[in-house]
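Report on one structure; see the data block that follows.
Note that ligands are numbered from 1 as they come in the structure, with each ligand's atoms numbered from 1 the same way. Being a predicted model, the structure only gives us computed values, none of them experimental.
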Amino acid sequence: MVKIYFLGLGGWASNPFIGHTSFLLASKTTKLLVDAGEGTYSSLRKCTPYDIGDVDYIFVTHIHGDHMLGIPTILQHAKRLGVKVRIVGLEGVYEALRKLLESVGISKYINVVDFIKIEEMGRVELGDVGVTTIAAHHTVPSVMIKLDVDGKCVAYSGDSSPNETFFNQINGCDVLIHEASVSDELRDEAMIHGHSSVGDVVVFAEKSGIKHLILVHRGVKPLIIRRTSLPIVIVYKCDVVDI
Ligand SMILES: [Zn+2]
């Protein structure tokens with residue numbers, strides 16, 4: 001059984017009650033935390049039975065603050081617990097993290113990090129989770145991921161405008177967790193900023209034969225989904241989805 005704990009669902013400027021998009025994928029042997037914006041440590045403790053010492057890897061899709069500003073606090077707790085934190089990301093993530101820790105006065109905490117560098121197009125094994133990375137269409141280098149675990153497939157967009165390469169790779173996946181920052185009337189603006197509107201996500205997900213769609217990285221306004229035959233799973237912060 002694979003569980004996905006939703007620790008946050010919003011984008012950077014989003015409804016403050018839903019936090020920043022982050023989830024913990026828990027398989028039999030591996031706990032993989034994906035993205036870590038502000039408040040992620042607090043959500044990990046509130047929404048899961050785990051502490052940071054139980055988390056095997058933190059995967060950071062890109063350097064934007066809503067995806068990594070929670071890491072200094074996570075490292076504080078890791079140091080308190082006497083554990084190291086394996087952070088997985090593009091080379092730029094390590095550089096950004098080093099500068100972030102320096103700017104908040106804890107540059108030495110980089111020693112708490114074991115960094116695993118990934119490529120924009122590649123594959124890495126993290127415990128029993130196979131992670132395929134696909135370069136996103138975003139304003140900074142960013143990856144979209146396909147997670148293969150226990151015979152299941154979970155795909156996650158990070159931030160990206162619609163990316164056909166990604167959708168071709170994730171055909172038939174059990175769950176797609178995709179950014180949908182805005183409803184369709186703001187589609188053009190979303191594209192400029194390397195984001196997706198809900199309508200685009202739905203159309204591509206339908207074509208890819210996705211079994212369940214979960215919309216995250218939501219903004220301040222509620223999303224309007226006009227029509228789809230695709231099962232859309234509505235999740236709230238701290239919800240757990242079994243796959
Ligand atoms: Zn971003």
Is the His137 to His195 ring centre distance short of 6.0 Å? no
Residue set satisfying side-chain hydrogen bond (donor to acceptor under 3.5 Å, both in side chains) with Thr40, at least two apart, ordered chain then number -> none
Applying side-chain hydrogen bond (donor to acceptor under 3.5 Å, both in side chains), name anything that partners Arg218, two or more places apart in sequence or on another chain. none
Hits for ring pair (Phe, Tyr, Trp, His ring centres under 6.0 Å) against Phe59, two or more places apart or cross-chain, chain-then-number order -> none
Under 4.0 Å between a Lys/Arg side-chain N and an Asp/Glu carboxylate O for Asp242 and Lys152? no
Presence of salt bridge, Lys31 and Asp56, under 4.0 angstrom: no
At a cut-off of 2.8 Å, protein N/O/S around the Zn ion (ligand 1) gives His62 NE2, His64 ND1, His138 NE2, Asp159 OD2
